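Working notes for the structure below.
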Amino acid sequence: MARLNPNEILRQVEAEGFERVWKRSAELLPKPSGRRERRIGRGESHPLYDLIQRLRELFLEMGFTEVSNPIIIDENEVYKQYGPEAPIILDRCYYLATLPRPDIGLSKAKRREIEKLGVKLTDKRVTAIRRTLRSYKRGEIEPDDLIEALSKALGIPDTTAMLIVSRVFPEFASLRPEPTTQTLRSHMTTPWFLTLQALQYKVDLPLRLFSIGVRFRREQREDPTHLRVHHSASCVVMDEEVDVEEGEEITRNLLEPLGFERFRFVRKDVTSKYYAPGMEYEGYIYHPTMDRWIEVVNYGLYSPIALARYGIEYPVLNVGVGVERVALALYREDDVRRLVYPQFYAELTLSDEEIARMVRIEVEPETPEGSMIKRRIIEEAIRNADKVGPCELLVYDGEVMGRKVRVYLYERDEGAKLIGAAAMNKIYIYKGNVLGIPEDGMEDLELVREARRRGVQTGIRFIDGVASLAARRIEEAVRSGKRRINVRVRIAKRPRDVNIEIGEVARRYITSRKGRIEVSGPVFMGVRAEIESLNPRS
RNA sequence: GCCGGGUUACCCUAGCCUGGUAGGGGGCAGGCCUGCUAAGCCUGUGGCCUAACGGGCCGCGUGGGUUCAAAUCCCACACCCGGCGCCA
């Protein structure tokens, strides 16, 4: 299998520069051979999004209409909603910063500054400056070379070019992001005010809306119960009159169908400023494996002051469910990082079943005749297993790709059985070990007994691997015009010796956990084939 | 933000205190051995260079420094893992 070689690629980039290597980098990719046939089954969904999907359905059934709320919100909105509490909220927000856009248009002010440095700006030079800066921005000129490029383009000394860059275009020399007043929403509440304001005269009351989406919080560190980005399943009810009790009802209607039975709702003593005082509640569900109550929902009636700042004339109930928290309890997981980002946090664990699926016969016959030869070898070997050598059995007499082929199983040694004792061994996976063990016997070894009783069978025997290999070799011999071919396997020490391959992922997993790959034993199988020449008379 | 632990080749791991040839195991590859099995022995297994078999240079997260000599000591940085704090 062709692969990329990261070390070599980076060395080339170092030696020749990015641009040159990049231009020919398509050649570094392995060529599609067109022969790889892969059976691709259905993919796996992410449990978090499965839950989101169910919550969406439940909201819709409850008569809520889905909306998409803005994610980027000006800090000003937070002040309007939270009043004096805003700075505390904003402390937890991410502000967006952007790189200053360099003035390639060359404003009058910039021109004056350049001329002040003693460079007469002809039209030609203006064009040259623009072109140079533009290609710098595109990465065609390396940062180290900017000054040189500029001095060449303008026909001025390096020192002058340096002055132009440092005084007139400092934004090019160092890319420093500049903060804006835009923030990433830390609550779904923040955009709700905007959405409600926009819809209050356009849709008849009661207005029932929901939105499931991400919110961002500036956590110092992500931990088992905190992520920087997580999902809120949020809904609002705006009507001429709204009862805060409905928050509990909505929560139950949302979570009971998921199988939750135990809830706890508590009125918060200290109310957030965007809610009316005493009108904020928290809800908990019981996490069965962590054996504790976890906070999953917050609901309340928006403060009339906050509503007034958006010109909203009706009371609004807001319910926000923390999706990841619910997922924790639902899937009985105790670390939200592992649940959401298994690719980063979950230790790779392969069940024996999964390892078993990664064990396969490496080389297989390609033609129907080849498969028949493989089958015949196995049948005859098993039937005559106890036959004592020297002996030879004709197991196949027929055509392969238009040539007459006779295949024999043989044993030359005096007194030896046709096939070795380990030939019928089966590959078992047991507790992360790959073991090739016989149907019976070897009772003194505990691992063998256990593996036989509790391990996962792959259904692959040593003989299957060897017969596949022999059949394939015969096909190849026919193709290349050989007259005879002999495949003999004696004592196996490794999977490869019996044409069995353990996938790389499984192998890494096993070796990194000090598991054993024990595919060995006296196999002793001899297969030879005679292939009739193309011209029967020769 | 504070405190602690870590990063060694395909995988795991030792070496660090006390500087001196990167050791062991697994896997993989090659050779020897071979008939009832947990199974032996030997060799190889980072990259580059070479006037060619003899070697040279670079490699222990990255970049510096100290030193005749650095995986090891010092400094800075990155990333990972814990704990504390923050967590409307």
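Every heavy atom of this structure was used, including side-chain atoms; hydrogens, water molecules and symmetry mates were not. Order of the sequence lines fixes the chain letters, A, B, ..., with proteins taken first and strands second; residue numbering starts at 1 for each chain. Please read all numbers here as calculations on a predicted model, not as lab measurements.
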### Rounded distance (Å) that lies between atom P of B:rG27 and atom NZ of A:Lys514
11 Å
#### Entry: Mate of B:rC77 where both pairing distances stay under 3.5 Å, Watson-Crick or G-U
B:rG61
### Query
Picking from B:rG30, B:rU37, B:rU34, which would you name as closest to the side chain of A:Ala422?
B:rU37
### Query
Which base, if any, makes a Watson-Crick or G-U wobble pair with B:rC84, both distances under 3.5 Å?
B:rG1
### Message
Looking at B:rC28, I'd like to know if its phosphate oxygens (OP1 or OP2) sit under 4.0 Å from a side-chain N or O belonging to A:Arg496.
### Response
no
### Task
Determine the Euclidean distance between corresponding C1' atoms of B:rG46 and B:rA78; express it in Å to zero decimal places.
22 Å
### Summary
When rounded to whole Å, the CZ to C1' distance for the pair A:Arg516 and B:rU37 reads 12 Å
### Task
Under 4.0 Å between any heavy atoms, over every strand shown, what does A:Asn425 touch: base, sugar-phosphate, or nothing? Just pick one.
base
### Task
In whole angstrom, give me the gap between the C1' atoms of B:rG31 and B:rC49.
29 Å
### Message
Once you apply a heavy-atom cut-off of 4.0 Å, does A:Pro495 come out as touching a base, just sugar-phosphate, or nothing?
### Response
sugar-phosphate
### Message
Side chain of A:Thr511 only, heavy atoms from C-beta on: which candidate in B:rC33, B:rG26, B:rC28 is closest?
### Response
B:rG26
### Query
Taking OP1 and OP2 of B:rC86, is either one under 4.0 Å from a side-chain nitrogen or oxygen of A:Arg92?
no
### Message
Is there, by distance only and without an angle test, a donor paired with an acceptor across the side chain of A:Glu504 and the base of B:rG27 below 3.5 Å?
### Response
no
#### Entry: Gap in Å between the two P atoms, one belonging to B:rG56 and one to B:rU67, rounded
26 Å
### Query
What nucleic acid atoms does A:Gly415 come within less than 4.0 Å of, heavy atoms only: base, sugar-phosphate, or nothing?
nothing
### Message
In this structure, how many angstroms lie between the P atom of B:rC42 and the NZ atom of A:Lys493, rounded?
### Response
13 Å
### Query
Rounded to the nearest Å, what distance is computed from the CZ atom of residue A:Arg508 to the P atom of nucleotide B:rC12?
8 Å
### Message
Over all strands shown, is A:Thr225 touching base, sugar-phosphate only, or nothing at heavy-atom distances under 4.0 angstrom?
### Response
nothing
### Length of the line joining A:Tyr341:OH and B:rC80:C1', which is rounded to integer Å
17 Å
### Query
Mind checking whether A:Phe59 and A:Phe64 have parallel, tilted or perpendicular rings, split at 30° and 60°?
perpendicular
### Message
What's the gap between B:rG47 and B:rC10 when it is taken at their P atoms, as a whole Å value?
### Response
8 Å
### Task
Send over the distance from A:Ile500 CD1 to B:rG27 P, rounded to a whole Å.
16 Å
### Query
Got a second to check how far A:Glu392's CD is from A:Tyr408's OH, nearest 0.5 Å?
6.0 Å
### Task
Tell me what A:Arg490 touches on the nucleic acid: a base, only sugar-phosphate, or nothing, going by heavy atoms under 4.0 Å.
base
### Query
Which part of the nucleic acid, if any, lies within reach of A:Glu411 when heavy atoms closer than 4.0 Å are counted: base, sugar-phosphate only, or nothing?
base
### Query
Reckon A:Asp413 touches a base, only the sugar-phosphate, or nothing at all at heavy-atom distances under 4.0 Å?
base
### Query
Between B:rU21 and B:rC16, how far is it from one P atom to the other, in whole Å?
13 Å
### Message
For A:His231 and A:Tyr49, take the angle between the two ring planes, folded into 0 to 90°, and tell me which bin it lands in: parallel under 30, tilted 30 to 60, perpendicular over 60.
### Response
perpendicular
### Message
Using the P atom as the point on both nucleotides, what is the distance between B:rU43 and B:rG25, in whole Å?
### Response
11 Å
#### Entry: Euclidean distance, atom CD1 of residue A:Ile437 to atom C1' of B:rU37 [Å, nearest integer]
11 Å
### Query
In Watson-Crick or G-U wobble terms, both distances under 3.5 Å, what is the partner of B:rA51?
none
### Task
Please work out if A:Arg337 contacts a base, only the sugar-phosphate, or nothing of the nucleic acid, heavy-atom cut-off 4.0 Å.
sugar-phosphate
### Message
Using the C1' atom as the point on both nucleotides, what is the distance between B:rA51 and B:rG59, in whole Å?
### Response
25 Å
### Query
With a 4.0 Å cut-off, would you call A:Glu249 and A:Arg252 a salt bridge?
no
### Message
Students often get this wrong, so: under 4.0 angstrom with heavy atoms, is A:Ile419 touching a base, only sugar-phosphate, or nothing?
### Response
base
### Task
For A:Asp440 and B:rU37, give me the distance from atom CG to atom C1', rounded to whole Å.
13 Å
### Task
Once you apply the 3.5 Å cut-off to both distances, tell me the Watson-Crick or G-U wobble partner of B:rG27, or none.
B:rU45
### Task
Just name whichever nucleotide pairs with B:rU72, Watson-Crick or G-U, keeping both distances under 3.5 Å, else none.
none
### Query
NA contact type, A:Ser520, heavy-atom cut-off 4.0 Å: base, sugar-phosphate, or nothing?
base
### Task
Provide the distance between the two P atoms, one in B:rA70 and one in B:rG63, to the nearest whole Å.
15 Å
### Query
Of all the nucleotides listed (B:rG27, B:rG35, B:rG40), which has the minimum atom distance to the side chain of A:Ala416?
B:rG35
